[in-house]
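Each remark here refers to the structure printed beneath this line.
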Amino acid sequence: MMCGICGCGDTGEHHHEHEHEHGHGHGHGHGHDHGHAPEHAHAHAAGLAPARMVRVEQDIMAANQRHADANRTYFAERGIFVVNLVSSPGSGKTSLLVRTVAALKAEMPVAVIEGDQQTEFDAERIRAAGAPAWQINTGKACHLDAHMVGHALEHLPALEGGILFIENVGNLVCPAGFDLGEAHKVVILSVTEGEDKPLKYPHMFHAADLMLVNKIDLLPHVACDMELILAGALRVNPAIGSVAVSAATGEGFGAWLDWLRQGRERARRAQHGAMQARREALRRELASIDATLAG
């Protein structure tokens, strides 16, 4: 049975718990285990009653959220800062990642999960830049889900206190509704795509915390108004940040790298705070036991 929203895969409902090597369980769907936000429930699948379609979508979305929450716990316990990169095809995500990895790999642990329908081309580029990468080929699926990410973690080295980049499948629709356990979605828009993308794909820009406007080295050669891009993004999401960059020349990368470093530091501080809180709770528990025994 095809997904009633985007037709990207099977909505099989049979699940079993699967314990991953990295220490957290996921409901494992047979087939394409994913779902879409309830706001899209007007869609339909041939032969499936609308009420049944809504229930299937809600069940699948709930399963994805369980996986995302487990991923987020895993990341938090290890102080890993996770960024989900989303865009349309051809925005320059992989070129941007190659330059980013090259700039950060000497400072901290860095790894990439690559999502494409076919091939390992992008993962090979990341490895050549000096970072471990795991490729997920989604076949007909037009986005990654949290279960896929959980499995991918089994194939990557420990990233304690580092950064994990998830390069999603090129698509400005479905990835907007899928929590992968990341700290932030970062939407990438190239100047060659036009100023109207934030208004055409509002759900994605609303879900993102940062917009990278890439390929600014091409501005002298294309009709693109940067102010209109920013105005459209802010209209959809008044809280969105923005950085203009060129993956080809490195222009603007200082601000992008600083944003990543700050996010990584927040993740490490949160991990340290959680560890201190656990130690204090354990000390209180031991003190209580000692008092009981002494009495």
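This structure is a prediction, so every number in the text was calculated from the model and none was measured.
- Using a 4.5 Å heavy-atom threshold, the side chains of L164 and I113 count as touching.
- Cluster membership for V86 and L199, using ILVMFWY side-chain heavy atoms within less than 4.5 angstrom, is shared.
- Heavy atoms of other residues, nucleotides or ligands lying less than 6.0 angstrom from NE2 of H272 number 12 at most.
- Within the 4.5 Å cutoff, no side-chain heavy atoms of V149 are placed close to those of H67.
- T138 approaches H143 most closely through the heavy-atom pair CG2-O, 3.9 Å.
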Could you go step by step and tell me if D122 and K93 meet the salt bridge (charged side-chain N to carboxylate O under 4.0 Å, His left out) rule? CA-CA 10 Å; D122 289 350; K93 286 196 305 297; over 6 Å; no

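- Applying the salt bridge (charged side-chain N to carboxylate O under 4.0 Å, His left out) test to pairs two or more places apart or on separate chains, those with a residue in residues 187-203 are D196-K200.
- A pairwise comparison of heavy atoms in L159 and I163 identifies CD1-O, 4.1 Å as the closest pair.
- In this structure, W259 and W256 have parallel ring planes: the angle between them is below the 30° cut-off, well short of the 60° mark.
- Screening residues 229-241 for side-chain hydrogen bond (donor to acceptor under 3.5 Å, both in side chains) gives no qualifying pairs among residues at least two apart or on separate chains.
- Looking at H184 and F81, their side chains come closer than 4.5 Å, going by heavy atoms from C-beta outward.
- Considering only heavy atoms from C-beta on, L210 stays 4.5 Å or farther from V187 through its side chain.
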Considering only distance and modelled atom types, tabulate donor-acceptor pairs under 3.5 Å from the side chains of residues 101-111, sequence neighbours left out.
residue	atom	partner	partner atom	Å
K105	NZ	A129	O	2.9
E107	OE1	R261	NE	3.0
E107	OE2	R261	NE	3.3
E107	OE2	R261	NH2	2.7

